[in-house]
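Counting starts at 1 for both ligands and their atoms, following the listed order.
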Amino acid sequence: MRLSRYFLPVLKENPADAQIVSHRYMLRAGMIRQQAAGIYSWLPLGFRVLRRIEEIVHQEQVRAGHIPLLMPTLQPADLWRESGRYDDYGQEMLRIKDRHERDMLYGPTNEEMITDIFRSHVSSYKDLPLTLYHIQWKFRDELRPRFGVMRGREFLMKDGYNFDIDKDAALHAYNRHMVSYLRTYERMGLTAIPMRAASGPIGGDNTHEFLVLANTGESEVFYDDRVTSLKLGARDIDYDDRSQVAEVCKEFTTLYARTDETHDQAVFDQIPEAHRKVGRGIEVGQIFYFSTKYSEPMGAVVVNDKGERVPVHMGSHGIGVSRLLGAIIEASHDDKGIIWPEGVTPFPVGIVNLKQGDSAADAACEGLYKALKAKGLEALYDDRDERAGAKFATMDLIGLPWRITVGPRGLANGVVELTSRRTGESEEMSPEAAVDRVAQIYAGR
Ligand code: P5A
């Protein structure tokens, strides 16, 4: 993408109403625009990151054996009357009437709708286990939408729902989600810690929230800091192997890590003092096992291997897809701007032409741009007629992990400069070597 032809409306000034750094940088980097309280347009740069995050979520869900579908944003109220949640949900639910005076709502979550799909099409234990998920916009009329996409009213969620024959099978689905989420967040460059939490309006007794530690997080968290060094890494997971998956979950949930809702000071006090930490976290996901809470009242039953009709055991599992942009920025930035982890960056590399109009510099930039493209990497080429300082400031603000700087002086010696946004370190090398290095960094992304 050539910056001269892109739509990147960066702001020079700090927006007055943005209280936290991720919100400030998302506005300044021209990623989002607020249209109403807690409701945003996704401008091209923000949209690219959103799509990248969705892509990672999809890949890891499919890897775990879960099946994508797409349910609508608008739902009939009658489904929610069946589960009993229509009245329970209160003012967070946006209620709408259609022209026939039928009660509708903008879905805050989809337990009822997926249960309706299941009961209409599945009737035998032979069709289980089954986990369906989608990535779809939700609406919650939050009392205090704030911090940009972090607590929106309209927000993008991945929500998945498992249907199993009994509790053991459903707990395996729960564990499978936990492990697949760990992998998902790690690919985004995040450490998200599963913490015992409370289930709220979704229900059930088993639930974990995934929290990214950040001072600006909305949840108070209590944890043994050894939990922060656990990594799933590239280990090979067989998602059908119940004991392997359960072992991984045990590894990640044995050390104390809880939100204030489930905090137990007496247990916490037993952690060696040097490891006892109280902090704040951003909730980027939550998983639930709620047994037959929806299947029983809504009649989602199957015939088991003994010929009996039994309600299925269910759980639901959510990732805050749009919130993740904010969480990643909170976890990865400096005073000049965002520092995107390679896994989610909107563009893998930026090209800065220090002397637009200089024929050697222009030709070298074009050559780099095309050579990167040939390797499947779309660079953001700053081909504007701007001062070098302004170009660097824009690149630093939007946070691409790598920058190739091209100028007449370097080219006279046959070199360009490759700079890491994270460390600030630069290395001179030939344009070909720079292309190879960047391609190597992104190999297998
Ligand atoms: C699980 C999937 C559920 O709704 N039902 C379907 C269950 N869980 S949840 O914890 O309430 O939401 C899942 C994740 O969505 C994100 N989230 C939000 N993101 C931005 N703005 C909001 N107002 C908002 N509310 C929830 C969180 O990341 C949460 O973990």
> On the ring face of F222, is R258 found with NZ or CZ under 6.0 Å from the centre and within 45° of the axis?
Replying inline: no
> With Q75, which residues qualify under side-chain contact (heavy atoms from CB on, under 4.5 Å), at least two apart?
Replying inline: W80, L105, N110, M113
> Would R140 count as a cation-pi partner of Y106, with NZ or CZ less than 6.0 Å from the six-membered ring centre and within 45° of the ring normal?
Replying inline: no
>> Please enumerate all residues that pass side chain to side chain donor-acceptor pair (under 3.5 Å) together with Y181, with sequence neighbours excluded.
In response: K158
> How would you list, by chain and number, the residues with a heavy atom under 4.0 angstrom from ligand 1?
Replying inline: T109, E111, R140, E142, V149, M150, R151, G152, F155, M157, D159, Y161, I202, E283, V284, G285, Q286, F288, S316, H317, G318, G320, R323
> Would R95 count as a cation-pi partner of Y89, with NZ or CZ less than 6.0 Å from the six-membered ring centre and within 45° of the ring normal?
Replying inline: no
> Does H317 have any ring pair (Phe, Tyr, Trp, His ring centres under 6.0 Å) partners at least two apart in sequence or in another chain, and if so, which?
Replying inline: H177
